[in-house]
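Remember, predicted model here, so these are calculated numbers, not experimental data.
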Amino acid sequence: MTGGVVNIGYPELVGASLLMLVAGIVSWRLRLGQTRNIAVSTVRAFLQLLAMGFILVYLFEYQTWWLVCLVLLCMCIAAAQIAVGRMKSAVRGLWLDAFLSIFASSISVALIVVECVIHADPWYSAQVLIPISGMMLGNTLASAAVAINRLFASMDSRANEIYMMVALGATPREAAFPSIKAAIGAGITPELAKLSAAGIVQIPGMMSGQILAGADPVIAAKYQIVILLMLSAATTLAIVMMCFLSYRKRFSPEGYYLAPALRDGEAKDSA
């Protein structure tokens with residue numbers, strides 16, 4: 001036992017990773033072409049989580065505000081890169097929009113929760129700020145990627161309508177707004193589903209982890225409520241920022257909607 005938590009040995013950890021053979025066998029039998037991706041993703045998760053564990057051990061012992069902020073910045077950069085990597089087509093200049101959306105939404109909400117709800121001392125406590133920020137970054141990057149894919153797909157499906165609206169004098173924002181609205185709605189829906197299912201269908205990660213560590217279940221439930229609410233807030237902010245920052249990528253500087261062959265980066269990808 002380590003602090004109330006059963007210490008999993010490395011042999012057991014390697015054995016647990018064999019559970020991914022289930023996904024590998026399914027991919028191989030159905031010829032999904034995902035066998036290599038499954039293996040690489042499993043190894044990456046294994047190494048990245050262990051590396052983060054060792055980094056946090058160092059941070060907990062020698063933490064300074066600038067070192068904690070540096071780790072958070074690196075996490076935000078990686079989150080933006082992963083979010084852009086989930087795009088179905090390359091879009092030039094989208095990385096900066098993703099970084100600004102994910103960074104501003106996740107870090108601002110994390111600081112509010114750490115300072116005003118949990119009352120961490122000091123405010124940059126790595127034991128509190130890093131895990132909370134990590135949960136929000138993982139959530140916001142996935143939701144932002146889904147929302148931006150939905151936004152661009154909706155705009156492309158409405159291409160003729162957008163051409164007509166622009167020709168009649170509509171601004172790019174007015175022409176794109178129905179798609180922006182649909183994308184934001186699609187991004188928020190999974191968060192509402194999580195809130196509805198919490199406590200009935202599933203016991204979420206934060207609550208489960210604290211219960212396994214021996215915490216009072218009611219206290220664990222309170223923490224989980226805060227986590228779910230902050231995730232919903234950060235995700236909503238990230239989706240809204242991402243959509244309103246990126247819809248202009250489908251328009252020329254003069255305000256005309258761009259056909260696929262005229263878009264920077266996409267024409268080369270499709271050639």
Side-chain angles (χ1 to χ4, degrees), residues 1-24 36-86 95 98-99 102-103 105-111 113-115 117-142 144-145 203-215 219-220 223-224 226-227 230-231 234:
M1 300 280 290
T2 303
V5 179
V6 176
N7 187 14
I8 299 175
Y10 286 103
E12 289 81 5
L13 191 60
V14 173
S17 66
L18 296 178
L19 293 171
M20 287 305 295
L21 286 175
V22 175
R36 183 175 181 276
N37 289 337
I38 291 170
V40 171
S41 297
T42 303
V43 173
R44 282 189 59 177
F46 193 97
L47 297 177
Q48 288 169 180
L49 287 171
L50 284 179
M52 177 57 77
F54 288 119
I55 290 172
L56 289 178
V57 169
Y58 178 85
L59 278 179
F60 292 168
E61 188 171 357
Y62 304 105
Q63 66 180 359
T64 57
W65 71 267
W66 64 267
L67 191 56
V68 173
C69 291
L70 179 61
V71 172
L72 289 176
L73 179 62
C74 293
M75 291 170 66
C76 290
I77 291 172
Q81 187 63 38
I82 294 170
V84 172
R86 294 186 179 184
W95 184 89
F99 175 79
I102 291 171
F103 177 83
S105 61
S106 298
I107 301 304
S108 61
V109 175
L111 289 174
V113 171
V114 169
E115 187 68 18
V117 179
I118 300 178
H119 305 293
D121 186 23
W123 65 265
Y124 56 84
S125 172
Q127 191 169 1
V128 179
L129 186 57
I130 296 293
I132 285 178
S133 299
M135 282 187 284
M136 280 192 287
L137 288 170
N139 219 60
T140 54
L141 81 86
I203 300 178
M206 168 67 82
M207 186 174 177
S208 298
Q210 289 194 333
I211 291 174
L212 288 173
I219 296 176
Y223 269 88
Q224 187 61 65
V226 171
I227 295 300
M230 77 176 190
L231 289 177

If I take atom CG from residue L56 and atom CD1 from residue I130, how far apart are they, to the nearest 0.5 angstrom?
6.5 Å
Between CE of M75 and CG of L141, what distance do you get to the nearest 0.5 Å?
10.5 Å
If you apply the rule side-chain contact (heavy atoms from CB on, under 4.5 Å), what do you find for L111 with L129, and how did you get there?
CA-CA 7 Å; L111 289 174; L129 186 57; 4.1 Å; yes
For W95 and F99, take the angle between the two ring planes, folded into 0 to 90°, and tell me which bin it lands in: parallel under 30, tilted 30 to 60, perpendicular over 60.
parallel
Check this for me: F60, atom CZ, are more than 12 non-hydrogen atoms of other residues, nucleotides or ligands nearer than 6.0 Å?
yes
For Q63 and A126, which heavy atoms make the closest approach, and how far apart are they?
OE1-N, 2.7 Å
Does some side-chain heavy atom of M135 sit less than 4.5 Å from a side-chain heavy atom of M230?
yes
Is it true that S105 and T140 share a donor-acceptor pair across their side chains at a distance under 3.5 Å?
no
Checking I102, I227, V109 against M136 for side-chain contact (heavy atoms from CB on, under 4.5 Å), the one that qualifies is V109
Heavy-atom distance under 4.5 Å between the side chains of I132 and I118, does that happen here?
yes
Summary of side chain to side chain donor-acceptor pair (under 3.5 Å) pairs that have at least one residue in residues 38-47, sequence neighbours excluded
R44-Q48
Working to the nearest 0.5 angstrom, can you tell me the gap between L231 CG and L137 CG?
10.5 Å
If you look at every heavy atom in A83 and A145, which pair is closest and at what distance?
O-CB, 3.8 Å
side-chain hydrogen bond (donor to acceptor under 3.5 Å, both in side chains) with W123: which residues, sequence neighbours excluded?
none
Could you state the interatomic distance from CD1 (I77) to CZ (F103), rounded to the nearest 0.5 Å?
9.5 Å
Gap separating the CD1 atom of I219 from the CE atom of M207, nearest 0.5 angstrom
11.5 Å
